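Here the structure comes first, spelled out in structure tokens, and everything after it is commentary.
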Amino acid sequence: MKIVAERLRTLRNRLGISQVKMAPIVGLKQSTINRYENDQANPTLETLLHYADYFDVSLDYIFGRTDDPQGKLYEYRPKIEESAPEMEKFIEMCFDPKSPMNERLKETLAKMLKEAKE
């Protein structure tokens with residue numbers, strides 16, 4: 001992918017690291033880095049993770065899904081099933097059963113989780 005090649009080259013160049021110096025950092029040969037940066041070969045996922053970790057950027061950035069190196073394109077929102085026993089157990093654990101507001105608080109939390117699902 002052309003955008004991946006451009007991002008890998010840009011990341012390396014911004015820090016002034018040559019392909020020769022970059023090779024041992026990511027565990028590759030200089031010629032392999034050159035092929036990746038010229039879009040002549042596709043890097044492995046392991047290689048992309050090495051780049052992301054070394055330059056402290058997201059894979060979304062490397063893949064061109066966002067222009068913000070640290071940004072996240074999507075917000076994680078797990079699906080919540082209304083009658084999930086784990087969720088009911090979680091709600092039970094959240095509140096003191098001796099509290100006079102216990103039932104109302106549990107109902108409110110359950111309602112909020114249901115709305116978040118929709």
Side-chain angles (χ1 to χ4, degrees):
M1 292 175 56
K2 187 174 181 177
I3 188 70
V4 172
E6 291 171 4
R7 293 282 167 99
L8 296 181
R9 182 175 40 259
T10 300
L11 287 168
R12 184 182 55 74
N13 285 335
R14 279 187 188 156
L15 290 183
I17 301 172
S18 69
Q19 289 180 350
V20 172
K21 288 185 180 178
M22 189 70 200
I25 293 170
V26 291
L28 300 170
K29 295 180 182 179
Q30 179 273 327
S31 59
T32 303
I33 291 174
N34 188 53
R35 286 196 308 275
Y36 292 162
E37 290 184 4
N38 288 304
D39 199 25
Q40 297 171 345
N42 292 319
T44 64
L45 180 56
E46 183 179 4
T47 297
L48 294 173
L49 287 172
H50 281 291
Y51 270 86
D53 289 343
Y54 183 79
F55 293 106
D56 195 23
V57 298
S58 70
L59 287 173
D60 277 340
Y61 175 76
I62 291 175
F63 281 105
R65 293 168 50 124
T66 181
D67 290 330
D68 180 2
Q70 300 303 323
K72 293 182 181 178
L73 190 56
Y74 299 103
E75 182 179 330
Y76 177 66
R77 289 186 170 194
K79 300 219 183 286
I80 301 168
E81 291 188 30
E82 226 177 288
S83 61
E86 299 86 20
M87 192 54 61
E88 290 173 16
K89 187 183 276 187
F90 170 75
I91 292 172
E92 279 295 323
M93 291 175 16
C94 286
F95 304 104
D96 179 7
K98 296 175 185 171
S99 167
M101 296 298 290
N102 185 41
E103 287 305 313
R104 184 148 186 236
L105 290 169
K106 287 192 299 186
E107 289 171 9
T108 302
L109 181 57
K111 181 180 175 186
M112 288 171 54
L113 291 170
K114 182 180 177 183
E115 289 173 1
K117 177 184 156 195
E118 298 168 355

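The first residue of the sequence shown is numbered 1, and numbering continues consecutively from there. Keep in mind the model is a prediction, meaning the values are calculated, not measured.
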Please give me the minimum heavy-atom distance between Tyr36 and Ala5, naming the atom from each residue. O-CB, 3.1 Å
For Arg7 against Thr66, the heavy-atom pair lying closest together: NH1-O, 3.1 Å
Quick one, Tyr51 with Ile33, criterion side-chain contact (heavy atoms from CB on, under 4.5 Å). Give me CA distance, side-chain angles, the key distance, then yes/no. CA-CA 11 Å; Tyr51 270 86; Ile33 291 174; 3.8 Å; yes
Got more than 12 heavy atoms from elsewhere within 6.0 Å of CD, Gln40? yes
Taking it one step at a time, do Leu15 and Phe55 satisfy side-chain contact (heavy atoms from CB on, under 4.5 Å)? CA-CA 9 Å; Leu15 290 183; Phe55 293 106; 3.5 Å; yes
Taking the side chain as every heavy atom from C-beta outward, state whether Phe63 and Leu48 have any pair of such atoms under 4.5 Å apart. yes
Output, in order, the C-alpha distance, side-chain angles, deciding distance and verdict of side-chain contact (heavy atoms from CB on, under 4.5 Å) for Thr32 and Thr47. CA-CA 11 Å; Thr32 303; Thr47 297; over 6 Å; no
Under the side chain to side chain contact (heavy atoms under 4.5 Å, CB included) test against Leu49, which residue among Thr44, Leu59, Ile62 passes? Leu59
When every non-hydrogen atom of Met1 is compared with those of Asp39, the smallest separation belongs to N-OD1, 3.1 Å
Of all the heavy-atom pairs spanning Tyr61 and Asp67, show the shortest one and how long it is. CE1-O, 3.7 Å
Hits for side-chain contact (heavy atoms from CB on, under 4.5 Å) against Asn13, two or more places apart or cross-chain, chain-then-number order -> Arg9
Run the numbers on Asp60 and Asp68 for side-chain contact (heavy atoms from CB on, under 4.5 Å), then give the verdict. CA-CA 9 Å; Asp60 277 340; Asp68 180 2; over 6 Å; no
Quick check for you: to the nearest 0.5 Å, what is the distance between Gln30 atom CD and Arg35 atom CZ? 9.5 Å
Hey, any chance Leu28 and Val20 share a hydrophobic cluster, counting ILVMFWY side chains that come within less than 4.5 Å of each other, even indirectly? no
Restricting to non-hydrogen atoms, name the atom on Ile17 and the atom on Arg12 that form the minimum distance, rounded to 0.1 Å. O-NH1, 2.7 Å
